Amino acid sequence: MKQIPAPLLSLIVGILITLISLWVGQNHNLMPVQASEQAPLVDNFFNTMVTIATALFLIVQGAILLFAIKYRKRPGDETDGVPIEGNFNLEILWTVIPALIVIGLSILSVEVYQQMGGFSVGGTMMAHNHSATLVAQMSDDANPVTRKTSPTYGLTGTDQTEAKAPSMVINVTGMQYAWIFNYPESGIVSGELHIPVGKDVQINLAAQDVIHSFWIPQFRLKQDVLPGEKSTLRFVATKTGTFPIVCAELCGSYHGSMRTQAIVHTPKEFEQWLAENSATA
Ligand SMILES: [Cu+2]
């Protein structure tokens with residue numbers, strides 16, 4: 001150790017910390033399976049945060065460990081520590097670095113939110129131009145008749161899907177303590193969400209009593225459902241299978257049991273499900 005010059009040692013340690021952090025950021029296994037087109041967007045952002053957090057953890061905990069060993073009290077040492085009263089440069093450094101990290105992450109998160117269609121709610125759902133959407137929303141809010149006609153909250157899908165009409169619309173009602181799914185085209189009413197894989201789905205959310213939150217962890221989608229306000233989610237499922245739907249807003253004594261399932265079918269299976277359930281509807 002003594003022979004390696006300090007700058008070279010810092011460089012090696014820096015490279016090591018970077019490599020380890022990048023690896024942890026991709027292999028943390030903290031997230032469930034990705035089952036929607038929106039999921040990778042959220043996960044890329046989350047992985048970035050895990051990467052930065054891992055580097056910070058290694059630097060801070062590494063320094064604590066290193067210093068605790070290197071500068072420990074030796075037997076017979078009764079001297080006082082060196083009187084240090086702050087270090088201006090160091091203080092600038094540890095203020096500027098976290099500030100840059102936080103600003104960078106906030107810009108990235110806004111970018112992801114935009115890509116999922118978070119800024120296009122309210123008024124003209126088909127509009128591609130975001131500023132036009134904002135104007136539409138403002139005039140919409142001013143008009144008491146049209147005020148509640150279009151969703152005010154939610155995600156309207158990626159830039160690719162946003163400009164087109166969704167392939168299917170499902171109306172979802174949250175109530176104490178269940179989710180009810182209405183398929184307006186076929187008249188089907190279901191306690192579970194059935195959708196075809198690879199199709200652009202829009203769900204319109206409404207609450208009957210109190211605030212609920214519609215959450216499908218595998219889709220990385222979560223949206224508050226508010227009485228008297230409309231909210232929406234638009235997504236494309238990328239995996240067939242059964243995924244949990246959870247109410248993520250404490251909504252009463254049986255909130256914990258306000259769960260159901262999203263069943264993602266192959267298009268053929270979905271047609272079958274539609275046919276079977278339309279017949280009995
Ligand atoms: Cu609830």
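The structure displayed is predicted, hence computed values, not measured ones. Each ligand, and each atom within it, is numbered from 1 in the order the structure gives. All residue numbers refer to positions in the sequence shown, counting from 1.
Listed by chain and residue number, the protein N/O/S atoms under 2.8 Å of the Cu ion (ligand 1) are His212 ND1, Cys247 SG, Cys251 SG, Met258 SD, with waters left out.
The structure places CD of Gln115 at 9.0 Å from CG of Asn44, a figure rounded to the nearest 0.5 Å.
Partners of Leu66 according to the side-chain contact (heavy atoms from CB on, under 4.5 Å) rule, which considers only residues two or more places apart in sequence or in another chain, do not exist here.
At least one side-chain heavy atom of Ile195 sits less than 4.5 Å from a side-chain heavy atom of Phe235.
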The test is ring-ring contact (aromatic ring centres under 6.0 Å, His included); show your working for His212 and Tyr177 and say whether it passes.
CA-CA 9 Å; His212 302 276; Tyr177 298 92; 7.4 Å; no

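Surrounding CD of Glu185 are at most 12 heavy atoms belonging to other residues, nucleotides or ligands under 6.0 Å away.
A salt bridge is defined here as a Lys NZ or Arg NE, NH1 or NH2 lying under 4.0 Å from an Asp or Glu carboxylate O, and Asp43 with Arg220 meets this definition.
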